[in-house]
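Owing to the predicted nature of the structure, the values given are computational and were not obtained by experimental measurement. Chain A is the first sequence line, chain B the second, and so forth, proteins listed ahead of strands; every chain is numbered from 1.
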Amino acid sequence: MGMKIYNSLSRRLEDFEPLTPEQVTIYSCGPTVYDYIHIGNARTALVTDIIRRYLVYKGYNVKLVQNLTDIDDKIIKRAGELDISTEQLAHQNGEAFFEDSQRLGIQPADVHPKATEHIREMIDLIQILIDKGAAYVIDGSVYYRVNAFASYGKLSNRKPEDLLAGARVEIDERKEDPRDFDMWKAAKPGEPSWDSPWGKGRPGWHIECSAMAMKHLGETIDIHAGGEDLRFPHHENEIAQSELATGVPFARYWMHVAFLKIDGQRMGKSEKNFILLRDALDHYPTEVIRHFLISAHYRHPLDYNQESLTKSEGALRRLSNCLDALKQYDTEVGLNERTDSPLQHAVEKMKTQFTQAMDTDFNTAQALGTIFTLVGEVNKVLSSRHEVENSVFAEAYQALSETCQVLGIYNTEAQNSNGNIEAKLEPLVELLLEFRQDARNRKDWETSDKIRDRLIELNIEIKDTREGTTWKIVS
RNA sequence: GGUGGCGUAGCCAAGUGGUAAGGCCAGGGCCUGCAAAGCUCUUAUUCGUCGGUUCGAUUCCGACCGCCACCUCCA
């Protein structure tokens with residue numbers, strides 16, 4: 001069954017076919033490292049992460065490139081305020097970005113190119129555009145001549161006159177056309193700069209993505225992703241630069257992630273109402289934040305607020321309770337007993353529907369629905385005490401943990417590390433449970449409840465079930 | 001002014017030309033010494049409003065109302 005992706009360029013759902021079968025190249029616009037990343041940046045990064053995980057799940061060989069913009073106006077300004085070098089600022093925030101991403105369970109890209117390490121490539125690209133008559137030099141700066149690219153505006157669906165009518169930007173009188181944008185900025189005194197054929201300066205923002213994407217992924221990439229605000233002008237300009245230089249399509253599928261709002265307001269660095277990813281991670285577990293961020297489709301706005309996060313916490317609890325209950329059957333897999341139970345059908349159905357949901361433009365909200373439907377089925381069987389082959393529970397566990405790992409909402413490594421601690425604590429906890437059981441047998445509820453209460457204070461939760469008392473570490 | 005999007009139960013959120021996934025919260029019941037977890041029942045005859053097309057529309061078309069994003073650095 002084929003995948004479909006909504007392509008911002010055609011504004012339609014399209015069948016997904018990578019340029020090279022089995023291989024997918026993805027370029028994701030990364031952060032400008034002048035500050036920590038906020039939860040909105042994280043949404044885009046997370047969507048990219050899940051796209052990649054799902055493509056790998058489907059059997060594709062994926063190469064993901066995500067850049068770091070480590071030189072621009074904001075970095076120069078912030079470094080000045082902090083009285084440190086731009087290199088130092090960019091380095092610090094770059095490291096922090098990797099740390100925060102990792103905490104959110106985002107796997108590192110295959111390549112994380114930095115703008116300042118690709119000056120040569122950018123200069124070469126600019127030179128090509130000058131040679132082709134698509135750029136001109138004024139006072140050491142190089143501008144892209146928008147009129148040279150006939151299909152300028154195709155991504156953002158804008159006609160030339162539209163771009164001028166509502167322009168709120170101050171017009172630089174030196175430019176031939178107000179829409180022209182700089183690819184190389186002549187250095188101002190005291191600013192970091194690099195040598196170029198046009199004098200000392202630094203690259204413009206758009207040229208870096210064109211140059212780095214082409215260097216690491218080739219002239220045509222499969223998927224280019226970013227926040228919806230990058231559609232214009234950033235991605236429009238990337239297309240103009242790249243396609244005029246190479247004569248081939250720059251990206252086959254353009255994906256734009258909708259904004260994260262906060263308490264109903266647009267979250268943005270200029271609005272100063274953003275929440276840092278690291279602060280969110282201090283308050284909620286990784287899986288809860290991921291669940292929240294994928295609870296709506298990526299092309300729909302999502303509102304960050306405490307209530308929504310609390311809901312995700314509840315949903316995650318339901319999921320992990322089920323997974324915990326199933327986990328003991330995991331070793332039963334491989335017996336390959338063909339049973340014909342309703343639960344087995346539910347497992348198969350869930351796998352199919354999960355794939356269908358994700359195949360349709362990565363509909364994570366729907367995919368979550370299929371997972372939780374199976375959770376309900378499993379719980380029903382678990383509580384009904386009907387005889388079910390353990391291998392079916394094992395299959396259910398496999399299916400759930402596999403799909404949850406595609407979404408990154410079930411961390412088996414954390415489970416294992418908890419498991420190690422549990423193994424060490426087991427004799428001790430069992431001893432306490434023995435005392436508690438004695439108390440219960442005496443109907444000494446005061447003592448038995450005290451043991452339970454004290455244990456929960458130590459993050460050990462116990463439950464009295466029909467099969468006896470169970471315990472686990474909770475956080 | 002231009003471009004695009006959204007409006008589904010108390011809340012969040014999928015979805016379809018044939019009669020509404022899932023989650024959270026709430027209430028009743030089962031289980032239980034209690035608790036937790038789980039199960040179970042209840043919660044939109046209805047998908048912003050008004051028209052049109054259709055045997056039939058929440059889903060297609062039109063108008064209107066409301067909200068939002070981009071057009072400027074921002075994921």
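Among the protein residues, A:L260 comes within range of the nucleic acid bases, having at least one heavy atom under 4.0 Å from a base atom. Residue contacts for A:N41: at a heavy-atom cut-off of 4.0 Å it reaches a base atom on one of the strands shown. Using a 4.0 Å heavy-atom cutoff across all strands shown, A:N363 reaches sugar-phosphate atoms only and no base atom. Here A:E228 lies in heavy-atom contact (under 4.0 Å) with sugar-phosphate atoms only. Among the heavy atoms of the strands lying under 4.0 Å from A:H300 are primed sugar atoms or P, OP1, OP2 only; no base atom is included. Contact annotation for A:K463: base contact, defined as any heavy-atom pair under 4.0 Å involving a base atom. When heavy atoms are screened at a 4.0 angstrom cut-off, A:R299 is found touching no nucleic acid atom at all. Residue contacts for A:S448: at a heavy-atom cut-off of 4.0 Å it reaches a base atom on one of the strands shown. In this structure, A:R78 reaches neither bases nor backbone, as no heavy-atom distance under 4.0 Å exists between it and the strands shown. As judged by a 4.0 angstrom heavy-atom cut-off over every strand, A:I371 is placed among residues making no nucleic acid contact. Looking at heavy-atom distances under 4.0 Å, A:D449 makes contact with a base. At the heavy-atom level, A:S383 lies under 4.0 Å from the strands shown only through sugar-phosphate atoms. If you check every strand for non-hydrogen atoms under 4.0 Å, A:G226 touches sugar and phosphate atoms only. As judged by a 4.0 angstrom heavy-atom cut-off over every strand, A:A225 is placed among residues making no nucleic acid contact.
Searching all strands for a Watson-Crick or G-U wobble partner of B:U32 with both distances below 3.5 Å returns nothing. When Watson-Crick and G-U wobble pairs are counted only if both distances are under 3.5 Å, B:G22 pairs with B:C12. The partner of B:C64 is B:G48, by the rule that a Watson-Crick or G-U pair needs both atom distances under 3.5 Å.
Across B:U43 and B:C31, the matching C1' atoms stand 24 Å from one another, rounded to whole Å. For the P atoms, the distance linking B:G38 with B:U46 amounts to 33 Å, nearest Å.
Side-chain N or O atoms of A:R290 include one that pairs as donor or acceptor with a backbone N or O of A:G408 at under 3.5 Å.
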> What does nucleotides 19-29 of chain B look like as a protein-contact string, B for base, S for sugar-phosphate only, - for none, at under 4.0 angstrom between heavy atoms?
Replying inline: --BSBS-----

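The structure places CG of A:L293 at 11.5 Å from CG of A:D49, a figure rounded to the nearest 0.5 Å. Between the CZ atom in A:F354 and the OG1 atom in A:T403 there is a gap of 5.0 Å [rounded to 0.5 Å].
Ring centroid separation for the pair A:H112 and A:F98 comes in under the 6.0 Å cut-off.
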